[in-house]
Number of protein chains: 2
Amino acid sequence: MYEGAVQELIDELGRLPGIGPKSAQRLAFHILEADAEDMKRLVGAIVTVKERVKFCSVCGNIAEQDLCAICRDPRRDQSIICVVEESKDVLAVEKTRAFRGRYHVLGGSINPIAGIGPDQLRIRELLNRLGDSEIQEIIIATDPNLEGEATATYLSRMLKTLGITVTRLASGLPVGGDLEYADEVTLGRAFEGRRNALT
Amino acid sequence: MYEGAVQELIDELGRLPGIGPKSAQRLAFHILEADAEDMKRLVGAIVTVKERVKFCSVCGNIAEQDLCAICRDPRRDQSIICVVEESKDVLAVEKTRAFRGRYHVLGGSINPIAGIGPDQLRIRELLNRLGDSEIQEIIIATDPNLEGEATATYLSRMLKTLGITVTRLASGLPVGGDLEYADEVTLGRAFEGRRNALT
């Protein structure tokens with residue numbers, strides 16, 4: 001539709017996740033009209049990430065060195081590991097400031113339809129870490145959806161045999177939410193997980 | 001929040017129009033995990049567009065040469081010019097196949113709040129083209145919103161004095177729309193612009 005270079009850029013942008021044809025066109029025109037320096041910075045940032053960012057050899061989180069910032073930090077509690085699906089989840093947990101241990105990033109969740117079984121996840125790497133006798137608790141913090149639950153169940157069963165405390169994040173009503181709008185599964189879990197009001 | 005390079009990429013992506021913090025993060029992780037070849041193509045497309053794409057010296061449309069593909073095409077009707085706000089609008093009109101003349105891209109619309117007056121638009125360039133006696137009609141196809149209407153009124157008044165036919169796109173009900181959902185201004189325009197049902 002457009003002359004060569006612009007259409008090529010629209011096509012490339014359209015391949016990014018969540019960018020439809022209209023957004024790709026708008027972005028391409030923005031890039032076309034933007035300051036050359038700004039676009040150099042954007043291109044530089046992409047190139048740098050592709051060149052420099054790796055995955056932590058211990059936990060699988062993103063890292064610019066062999067170990068990620070969290071695995072390098074000696075102040076983090078070495079006895080407890082929080083297992084998450086993606087690097088993004090590490091940030092989400094970090095923001096809570098509720099956890100001071102280390103992480104293990106699985107790289108996804110068990111999803112037979114997409115052909116992802118336990119072997120495609122970083123479960124072997126997790127077992128290797130457990131050889132370290134320091135570890136006392138594993139918190140499984142997979143997503144509260146079908147695939148995340150399946151992954152959590154698989155991991156719990158496997159880890160139970162190793163004599164380590166395995167816990168899962170509580171399910172229940174989201175804080176600030178409205179009881180009448182909670183779905184029945186969440187509300188059911190909130191009842192199951194009810195706790196003494198005086199503690 | 002993330003280590004240097006990833007956060008920098010998220011920041012750069014977040015500066016693009018229509019990309020919020022969550023989308024920027026999702027895109028950054030996609031870029032991080034994507035095939036290196038794919039990302040090279042994306043970077044290459046951005047660099048090529050910035051290097052190669054210019055604006056047509058006659059009409060202001062995007063072009064890879066001094067003239068855009070439409071101005072270069074001898075089969076286009078030289079006697080009629082369609083005035084639009086942006087290069088994107090050229091494509092929209094081209095898709096209709098209803099117009100075989102040439103274009104003039106203003107580069108925006110009159111918008112006093114944003115500090116854009118007639119001098120910031122390519123109106124002088126349009127007047128220069130009219131020195132060419134071949135031109136018989138100007139179709140004003142600015143956006144049907146406040147700024148576009150103001151621009152159209154300004155242009156119509158200015159061009160009237162030059163003895164050229166100046167027309168505007170019809171306002172009315174969108175095809176495939178529903179009469180009861182049309183806003184009152186559009187419906188009013190559709191009444192004003194009613195035409196003989198037998199032609």
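Hydrogens, waters and symmetry mates play no part in the numbers below; they use all other heavy atoms, side chains included. Here is the naming used below: chain letters follow the sequence lines, and residue numbers restart at 1 for every chain.
If you tally non-hydrogen atom pairs under 4.5 Å between each of Pro17(B), Gly18(B), Ala36(B) and chain A, the highest count goes to Pro17(B). For the set Glu86(A), Arg41(A), Arg52(A), the entry with the most heavy-atom pairs within less than 4.5 Å of chain B is Arg41(A). Most heavy-atom pairs under 4.5 Å with chain B, from the set Asp11(A), Leu27(A), Thr48(A): that is Leu27(A). For the set Glu51(A), Glu33(A), His30(A), the entry with the most heavy-atom pairs within less than 4.5 Å of chain B is His30(A).
With hydrophobic clusters built from ILVMFWY side chains whose heavy atoms lie under 4.5 angstrom apart, Leu121(B) does not share a cluster with Leu146(B).
Using modelled atom types and a 3.5 Å distance limit, the side chains of Glu137(B) and Thr167(B) yield a donor-acceptor pair. No side-chain N or O of Asn111(A) forms a donor-acceptor pair with one of Ser109(A) less than 3.5 Å apart.
Residue Glu94(A) forms a salt bridge (charged side-chain N to carboxylate O under 4.0 Å, His left out) with just one option from Arg76(A), Lys88(A), Arg102(A), and that option is Arg76(A).
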